[in-house]
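What follows is a single structure, written as structure tokens, with notes after it.
Reminder, nothing fancy here: chain letters follow the sequence lines and each chain counts from 1.
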Amino acid sequence: MKKEVLNTPNNIIKGKIEIDSQINKLYYRILYNIQKENRQYIIKAKKGEELTEDQANILEELDRIGYLKCTVSYDEIQSIIRRRNDQVKEEVLKRFIALQTAIFRFSTGETTNEETQTQLIGQVSVSDNSYTVSLSAKLYRYLFYSVGVGFTPVNLAVLFNLKSQYSQALYVTLRSWSGVKREIEYTVEELREIFNVGSKYKAYKNFKQKTINVAMDEINNTSAMKIVEFKEIKKGRSVDKVVFVVEDLEPRFVLEENKDDSTEDKSVIWLDYIKVENEALKERLELKYNDMNFESPIVKALFHKSYDKTLNKDNRFTMIQDKKGKSNFALFNFIVNGEIFTHELSVESQFKINSTTQTLF
DNA sequence: CGGTAAGAGCATCTTTATTT
DNA sequence: AAATAAAGATGCTCTTACCG
């Protein structure tokens with residue numbers, strides 16, 4: 001069997017079948033079903049927060065159990081594989097084989113430098129009305145919890161088409177944060193760990209040239225994610241931290257079906273990238289600030305800034321939500337008011353100029 | 001087997017910007 | 001304003017592994 005191995009030590013060893021977006025969808029579905037049928041292993045924690053004891057125990061148990069199982073029904077297969085001709089057993093199995101032969105290598109890297117190499121899915125068995133698929137518990141843990149906590153399946157179709165190992169690493173980590181905040185900051189040291197460069201590229205210039213630049217170029221050439229801006233924050237003369245400003249163009253929750261599921265996402269985007277919990281809340285915002293001109297770049301910048309500040313203070317998955325006792329909507333409004341206040345002078349002077357020019361006519 | 005390409009490392013020169 | 005460290009740009013070599 002021929003396997004395409006990329007020339008550098010890489011996260012991914014491609015199987016003989018290309019992972020396309022359809023197979024990626026299938027994989028998303030498997031991950032989703034795995035979650036659904038193994039609810040006891042779901043950890044609902046916020047990013048950057050310490051895990052509770054119970055949650056830590058869940059992670060430990062995941063390490064012990066070896067693999068998780070789920071079923072994928074024929075109906076689900078049909079909704080993913082649209083072409084009638086491809087809905088036959090042989091074709092479906094071909095797609096499972098693609099996932100079975102593609103190998104993913106990762107290090108959980110918490111205590112030791114342990115590396116794991118596993119197929120994207122394990123055993124597949126066929127029954128009368130469904131497929132039963134197993135998935136390595138370690139891989140599940142890595143995909144969902146390692147890079148940060150949250151439900152963040154990476155897009156394999158994107159991942160597999162990134163050539164450089166650094167692109168892959170950066171994509172996975174940015175993807176894991178992009179649902180939470182737009183500006184993602186790392187110290188150079190953290191980034192070195194993420195890229196696993198060890199003692200290579202001691203000088204930042206070399207590091208940047210060989211890893212960051214390569215990765216950003218490649219990621220920006222995908223249609224899944226755009227790194228809009230890259231900032232370097234200096235401490236003295238040397239770069240200490242870097243910030244990626246990311247626009248994630250991939251839907252976060254591809255799992256739209258099952259309306260009763262609590263992970264369902266109805267969020268809408270307001271003013272370029274402000275993620276609002278739902279349409280109703282967005283309307284509320286627009287109504288509340290209906291005296292503002294949303295076309296104005298100044299106004300936009302003001303809201304963007306307030307939004308970023310809100311997320312920094314209250315980092316949750318859904319951005320501006322308004323649930324009983326769990327609202328960062330109020331915080332956002334508070335910050336907006338503060339911003340309006342500090343900008344008032346300039347806004348006012350602008351207004352005055354306008355009104356005087358108007359009186360001339 | 002040799003050609004090719006990517007990654008890595010090193011050296012050199014130029015540019016930028018902080019420090020004094 | 002001058003000194004100087006850091007970063008940028010470029011080019012060369014070496015290694016490795018793919019590919020015909």
Worksheet item: Could you walk me through whether A:Lys231 and A:Glu183 pass the salt bridge (Lys or Arg N to Asp or Glu O under 4.0 Å) check?
Response: CA-CA 10 Å; A:Lys231 297 184 224 171; A:Glu183 303 209 351; 3.3 Å; yes

Worksheet item: Could you run down nucleotides 3-11 of chain C 5' to 3' and tag each one B, S or - for protein heavy-atom contact under 4.0 Å?
Response: -BBSSBBB-

Discussion item. With no hydrogens and no angle check, just 3.5 Å: does a side-chain donor-acceptor pair link A:Asn333 and A:Tyr289?
Written reply: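 The answer is yes; a qualifying pair exists.
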
Fill in: salt bridge (Lys or Arg N to Asp or Glu O under 4.0 Å) between A:Asp86 and A:Lys94, worked out
CA-CA 10 Å; A:Asp86 291 344; A:Lys94 225 187 235 174; over 6 Å; no

Show every donor-acceptor pair shorter than 3.5 Å between a side-chain atom in residues 124-132 of chain A and any protein atom, with sequence neighbours excluded, or say none if there are none.
unit_1, atom_1, unit_2, atom_2, d
A:Ser127, OG, A:Ser130, O, 3.2
A:Ser127, OG, A:Ser130, OG, 3.4

Worksheet entry | Basic-acidic side-chain contact under 4.0 Å: A:Arg83, A:Glu91 |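 No.
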
